[in-house]
Amino acid sequence: MSTDATAVPVHVDRGTAYELEPPAHDTDLVEVERGTPAGELLRRYWHPVALSSDATSTPRTVRALGEELILFRSGDGRPGLLHPRCCHRGTTLYYGKVEEHGIRCCYHGWLFDAEGNTLDMPCEPDSGRYKDRYRQPWYPVREYHGLVFAYLGPPDRKPAFPTYDVLDDVEDGWEVIANDENIGLEGDITPCNWFQTHENVMDPFHVFILHAGFSGNQFVAEMASMPEVSWHATEFGVTSHQDRTLDDGRFFHRVTEVLVPTVRIVASPFVDVTGRSDSVAWTLPISRTETKIFTLVKRPVGATVPRPLYDGRRWEELSEAEHQRFPGDYEAQVGQGAVTVHNHEHLASSDKGVVMFRHAFRRALAAVERGDDPVGVTRDTDTATYTVRAGNYIGPRDEVIGLG
Ligand code: FES
Ligand SMILES: [Fe+2]
């Protein structure tokens, strides 16, 4: 019997999907719930949870950081954000009635103000002789240019409310517009973890591939060439610089920034606004698998804010087959899965900004674990103003390169 057949090495396939490790997420980055390290870090900052126009005399459910809350605006104009379960016997305040000074529970009529103080207990002697003993759990809120921000963290750690100089300085004839537009789906929720959405802001290479080539040019000619990219750690987060020489010889220095944990400052990708960014946005983790972006943008009164087009149309006008041919941010980010699988990634040189932001986030996690305030938190004043760096700076190279 010949043994020749066994002498030939048998080809073994490599890199098949069978060899993949079981999927795992980096919990440090993706958790949002109270009591988790990242959930506690997120709870050290103010987050936008709704548009001011969502706070009305009709109670509305809002969700943030894995919690469900009831938002309303009492007749005296104050927005309130309360835990939904009534502190009496637990029915939901969603069915409550909003009055001049608060919201009244439908079940036994207890009335709570925007800070949860009990104002009336109609079934108790003297309408609630001991009202002071009962408080509906609540969260502090602030309104800023048409957004309702809430602080969901430990009361003794509440930070100064951050404001942004480009939004605080609104010239005559200009206005700040609040929107909760969400990658083409207005008012909707992106069905994936917030971190993969947020770190995308430090990924300028995808702009050239996804937005300027793969799906046609979704922005403008100035954005359509491959930039020279660098990233820089800043006091509060990371910036990316994207430099291009335009066809007409001018130099285009574009700066984008993220601040730990959820602030994203991206100048208009339509380059219709030059100089410093006219907008600031926040990524809100709604739950571990749902995300929403809130934006404030300053524009001349009546001006419209351009939106990306997909084959000349709006995102919501495309069929499923057309989304396959003209994908955008929604498809790329939701396409990573409800929570991206970190142990299957292969980070490369173009991911340096993503890695830098993950490091900045982990340093903030460590600060909270040590008992310190995380980056960007100040507590000695009522408000703290941030000077925006992001922008579209166009001009002679040596004049614009140092801006931002
Ligand atoms: S359950 Fe709300 S008043 Fe009784
Ligand atoms: Fe994008």
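Note that ligands are numbered from 1 as they come in the structure, with each ligand's atoms numbered from 1 the same way. Just the heavy atoms: all of them, side chains too, but no hydrogens, waters or symmetry mates, feed the values below.
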Problem - Any donor-acceptor N or O pair under 3.5 Å, side chains Thr283, Thr262 - result: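 On atom types as modelled, these side chains do not qualify, holding no pair under 3.5 Å.
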Exercise for the section: Say whether Thr256 and Gln242, considering side chains only, have a donor N or O and an acceptor N or O under 3.5 Å apart. Expected result: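 Short answer, yes.
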Handout entry: Side chain Glu40, main chain Pro37, donor-acceptor under 3.5 Å
Key =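 It does not hold such a pair.
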Problem - Count, waters excluded, of protein N, O or S atoms under 2.8 Å from the Fe ion (ligand 2) - result: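 Count of protein N, O, S atoms less than 2.8 Å from the Fe ion (ligand 2): 4.
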Does any non-hydrogen side-chain atom of [Y] lie less than 4.5 Å from one of [X]?
| X | Y | result |
| --- | --- | --- |
| Arg362 | Leu29 | yes |
| Asp165 | Arg276 | yes |
| Val263 | Tyr164 | yes |
| Asp272 | Pro306 | yes |

Problem - Atom pair CZ (Phe357) and CD (Glu199), whose distance is rounded to the nearest 0.5 Å - result: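 Output value for this atom pair is 8.0 Å.
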Handout entry: CG-CZ distance between Leu51 and Phe294, expressed to the nearest 0.5 angstrom
Key =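 So the CG of Leu51 and the CZ of Phe294 are separated by 6.0 Å.
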Exercise for the section: Enumerate the protein N/O/S atoms at a distance below 2.8 Å from atom 4 (Fe) of ligand 1, ignoring waters. Expected result: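 Atoms qualifying: His88 ND1, His108 ND1.
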